[in-house]
Structure formats: structure tokens, C-alpha cells
2 protein chains.
Amino acid sequence: MFCTMYSLDKTDTKLLQALSADPRSTFVALADTLGLSRNTVQARMKRLEDSGAFLGFDRRINPAALGYPLTAFIEVHVQQKRLAQIVIDLALIPEIVQAHGMSGQADLLVRVVCTDAADLFRIDGTILACDGVERTETSLAMGEVIPYRLTPLLDRRG
Amino acid sequence: MFCTMYSLDKTDTKLLQALSADPRSTFVALADTLGLSRNTVQARMKRLEDSGAFLGFDRRINPAALGYPLTAFIEVHVQQKRLAQIVIDLALIPEIVQAHGMSGQADLLVRVVCTDAADLFRIDGTILACDGVERTETSLAMGEVIPYRLTPLLDRRG
DNA sequence: AAAATAGTGAGCAGAGTGCCCTATTCAGGC
DNA sequence: GCCTGAATAGGGCACTCTGCTCACTATTTT
């Protein structure tokens with residue numbers, strides 16, 4: 001399913017940095033910035049895409065703009081042998097924007113967006129109602145004190 | 001700092017859906033798909049950008065492609081009055097890709113990427129070494145059982 | 001030495017962009 | 001009913017960018 005995981009070199013890293021700085025910049029502009037030829041940039045970008053280096057566009061959409069200003073993380077404890085079915089059930093809840101299977105206290109860490117506290121309460125109830133879910137622990141995110149970033153890691157390779 | 005938060009209507013939603021389906025599609029293609037004129041699409045896209053509906057490009061970069069296949073969530077308990085300084089200190093750790101201030105058990109929920117378990121252990125140590133950090137609880141993400149998505153929410157408005 | 005790999009430079013037809021202007025429709029306020 | 005402002009459509013124009021191909025040059029691998 002995944003293509004051969006090809007490891008990025010410094011030029012790829014610089015490409016990603018330039019893209020982070022300006023996601024809309026054209027191949028010509030990138031080539032110019034990096035001092036490469038347009039052909040090279042196009043070839044590398046294609047390889048990056050093919051290798052799965054880019055995730056879905058969803059991630060760039062601000063949930064707040066969609067009317068979901070609140071984010072919460074819900075730790076979910078489940079009957080482990082029902083895990084597979086539970087994931088399927090949870091996937092039906094639209095407010096769940098992401099879920100990780102975890103090693104640690106909880107079995108699942110679910111990321112939820114919601115309109116307000118009452119909404120969160122309702123969603124939590126929906127999760128609890130799933131067959132095999134035993135317990136949840138909800139924590140509301142008060143703020144994204146470090147906004148998602150990859151630039152420090154990119155810079156380190158640059 | 002943020003522009004007037006303008007709430008998205010159905011047409012905006014469809015634009016975002018089309019973009020999710022194909023992040024690279026041109027204005028012409030979008031206009032075609034949605035049955036709108038190119039002018040309209042361009043105007044709406046500009047408004048979406050200006051209103052902060054799009055987050056950084058970072059979020060679309062796959063950390064695994066960068067050589068960080070593992071993700072972990074670390075709950076951090078701190079001396080609350082030192083919180084501000086702690087956030088500054090944590091921001092210096094490149095492997096921390098995101099952090100939320102939380103209401104709940106822990107004060108902070110930190111998302112970390114790492115190369116392997118030993119790397120995670122080291123990073124956890126670095127966090128613990130920050131002045132004011134009292135305790136951490138690390139959970140390794142075994143898998144993203146629900147990959148980040150916003151489409152269910154978009155579809156509901158469509 | 002031969003072969004694969006990455007990059008460059010040039011060229012070209014077609015598509016897309018940014019920006020302009022005007023006309024139409026429609027909802028809300030007077 | 002009338003006016004206004006917002007949203008949209010449609011046309012046009014100069015310019016840029018894209019996708020593609022080809023030939024040539026390093027550089028590295030075998």
C-alpha cells in the first residue's frame with residue numbers, strides 16, 4: 001500500500017521548508033528559491049508525493065472556521081478484544097477527527113472537536129454508548145500552547 | 001491578530017470538500033466541479049485564506065517521511081505558576097510537534113515524534129529536566145486507527 | 001569502462017492566473 | 001416601490017506556469 005519509503009535528503013528538506021514558508025508557491029518560485037532547475041523541483045515533488053510524504057488536505061483546515069472552536073482529548077478504556085469493532089463504531093461519530101491506539105493507561109486516545117461544553121458532553125455520551133467501551137476520561141484543550149509544527153525538525157536537517 | 005472570524009456557508013464547505021478530494025486542483029477545476037465561475041472561486045478562496053481557515057503546511061508533512069515513524073503523547077504535570085516558562089522551554093525541544101494546555105488531570109498534553117523507543121525515552125528525560133515539570137506520563141501511539149479527517153464534518157453541512 | 005542516477009537548459013503548446021470591467025440577481029432597509 | 005450592497009457570472013487580456021520531451025553533463029555505482 002505504501003510506496004517504498006524513501007528517505008528524504010537535504011534538498012527534499014529544503015523543499016519542504018520552502019513549502020512551509022509558502023504553501024502556494026509555484027514550482028518556478030521554488031526552483032528559484034532553492035537555486036535548482038524547474039525540472040529538478042518537479043521531479044522531486046513528484047517523488048515526494050509518490051512516497052507518501054504529504055498527508056491529506058484536511059489537516060490544513062481550521063476546525064474553528066467550521067464552527068468547532070473547542071478541541072478535547074478523550075481517553076477511552078475498552079474491552080480489548082472488541083477493539084476492532086469499537087474503532088468502526090467510533091469512526092461513525094463525525095466529531096471524532098482522529099484516534100490513536102495507545103500503549104499505556106488507556107486503549108484509545110480520541111481527538112474530538114465540538115461547538116461547546118454541552119456538545120462535548122453529548123459526544124462523550126455517544127462514545128460511552130458504544131458496545132465494549134468501559135470508561136472514558138475527557139480533557140478539554142484550553143489552548144494550543146505549541147501550535148503544530150515540524151519546522152524545528154526540518155531546520156535541524158537543513 | 002486573527003481576522004474577523006467569518007462563518008463558512010455551504011459553498012465554502014463544498015470548496016473545502018473539493019480541495020480535500022484534490023488539494024492540487026486549480027481554480028478553474030474547482031469552478032468547474034462546483035458549477036461556479038472562476039471569479040467566484042477565486043474570491044471565496046481569498047476570503048477563506050484571509051479569514052484564517054487554512055492552517056500551516058506543516059500539518060501535511062508526514063513525520064514518518066522525515067524519519068520519525070513513532071508518535072507519542074506525553075501528559076505533563078507542572079507547577080502551574082511556572083507554566084508560561086515551561087511552555088517556552090518545551091518549545092525548544094524540536095521533537096515536540098504540538099502541545100495543548102489542558103483542563104483535566106494533566107496540565108499539558110504534548111505530542112512528540114521520535115525515531116524509536118530509546119529516542120522517546122531521551123525526549124521524556126529532556127521534558128522532565130525542565131524546571132517546574134513535576135511528572136510525566138508517556139503513552140506511545142501504536143497506530144492512527146482513525147486518521148485525521150474533517151470530511152465527516154464537512155459532509156454534514158453539505 | 002559501462003551503466004545508472006541526478007541535474008541542467010532549452011523549447012513548446014496549452015492551461016491557469018491575476019486583474020480589470022460590466023451586467024444580473026437577490027435580500028434587506030428606506 | 002426604490003435603493004443599496006453583496007454575490008455571482010461572463011468577457012477579456014497580458015502574463016506566468018505547467019507538463020512534457022529531448023539532449024547534454026556530472027557524479028556515482030557496478
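Below, chains carry the letters A, B, ... as their sequence lines are ordered, and counting in each starts from 1. If you're wondering where the values come from, they're calculated on a predicted model, not measured in any experiment.
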Novice: If I compare all heavy atoms of Ile127(B) with all of Val110(B), which pair ends up nearest, and what's the gap?
Specialist: CD1-CG1, 4.5 Å

Novice: Should we say atom CZ of Phe121(A) is surrounded by more than 12 heavy atoms from elsewhere, each under 6.0 Å from it?
Specialist: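 Open.
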
Novice: Please collect all ring-ring contact (aromatic ring centres under 6.0 Å, His included) contacts where either partner lies in residues 36-62 of chain A, sequence neighbours excluded, each pair once.
Specialist: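 Listed by first then second residue: Phe54(A)-Phe57(B), Phe57(A)-Phe54(B).
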
Novice: Among residues at least two apart in sequence or on other chains, which ones pass side chain to side chain contact (heavy atoms under 4.5 Å, CB included) with Leu34(B)?
Specialist: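 Residues passing side chain to side chain contact (heavy atoms under 4.5 Å, CB included) with Leu34(B): Lys14(B), Leu15(B), Ala18(B), Leu36(B).
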
Novice: On DNA chain C, reading 5' to 3', which nucleotide is the first and which the last to sit with an atom under 4.0 Å from a heavy atom of chain A, could you check?
Specialist: dA6(C) to dG11(C)

Novice: Using a 4.0 Å heavy-atom cut-off to protein, can you give one letter per nucleotide of nucleotides 22-30 of chain D, 5' to 3': B if the base is in contact, S if only the sugar-phosphate is, - if neither?
Specialist: ---------

Novice: Does Glu134(B) have any salt bridge (Lys or Arg N to Asp or Glu O under 4.0 Å) partners at least two apart in sequence or in another chain, and if so, which?
Specialist: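 Per chain and number, Glu134(B) pairs via salt bridge (Lys or Arg N to Asp or Glu O under 4.0 Å) with no residue.
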
Novice: Applying ring-ring contact (aromatic ring centres under 6.0 Å, His included) as the test, list every pair that has at least one member in residues 84-114 of chain A; sequence neighbours left out.
Specialist: His100(A)-Phe73(B)

Novice: Rounded to whole angstroms, how far apart are NZ on Lys46(B) and P on dT8(D)?
Specialist: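 Lys46(B) atom NZ is separated from dT8(D) atom P by 16 Å.
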
Novice: Might you list the N or O atoms of the protein lying below 3.5 Å from N or O atoms in nucleotides 14-19 of chain D, with each pair's distance?
Specialist:
unit_1	atom_1	unit_2	atom_2	d
dT18(D)	OP1	Phe27(A)	N	3.4
dT18(D)	OP2	Phe27(A)	N	3.3
dT18(D)	OP2	Val28(A)	N	3.4
dG19(D)	N7	Arg38(A)	NH1	3.1
dG19(D)	O6	Arg38(A)	NH2	2.8

Novice: Would you mind listing every salt bridge (Lys or Arg N to Asp or Glu O under 4.0 Å) that reaches into residues 73-85 of chain B, with sequence neighbours excluded?
Specialist: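 Sorted result for residues 73-85 of chain B: Arg82(B)-Asp131(B).
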
Novice: Residues in ring-ring contact (aromatic ring centres under 6.0 Å, His included) with Tyr68(B), at least two apart?
Specialist: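 Here no residue qualifies.
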
Novice: For Val41(A) versus Ala31(A), what's the shortest heavy-atom pair and its separation?
Specialist: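 Answer, listing the atom of Val41(A) first, then Ala31(A): CG2-CA, 3.5 Å.
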
Novice: Compare every heavy atom of Leu154(B) with every heavy atom of Ser20(B), then report the nearest pair and how far apart it is.
Specialist: OG-CD1, 4.2 Å

Novice: Based on the rotation axes of five pairs at each end, what angle does the helix from dA1(C)-dT30(D) to dC30(C)-dG1(D) bend through, to 10°?
Specialist: 40°

Novice: Run the salt bridge (Lys or Arg N to Asp or Glu O under 4.0 Å) test against Lys46(B) and tell me which residues pass, sequence neighbours left out.
Specialist: Asp50(B)

Novice: Would you please name every residue forming a salt bridge (Lys or Arg N to Asp or Glu O under 4.0 Å) with Asp119(A), sequence neighbours left out?
Specialist: Arg122(A)

Novice: Taking CG from Leu36(B) and P from dA6(D), how many angstroms apart are they, rounded to a whole number?
Specialist: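 One finds 19 Å between P of dA6(D) and CG of Leu36(B), rounded.
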
Novice: A quick test of your reading: do over 12 heavy atoms of other residues, nucleotides or ligands sit less than 6.0 Å from CD of Gln85(A)?
Specialist: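 Yes, CD of Gln85(A) has more than 12 neighbouring heavy atoms, counting only those of other groups under 6.0 Å.
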
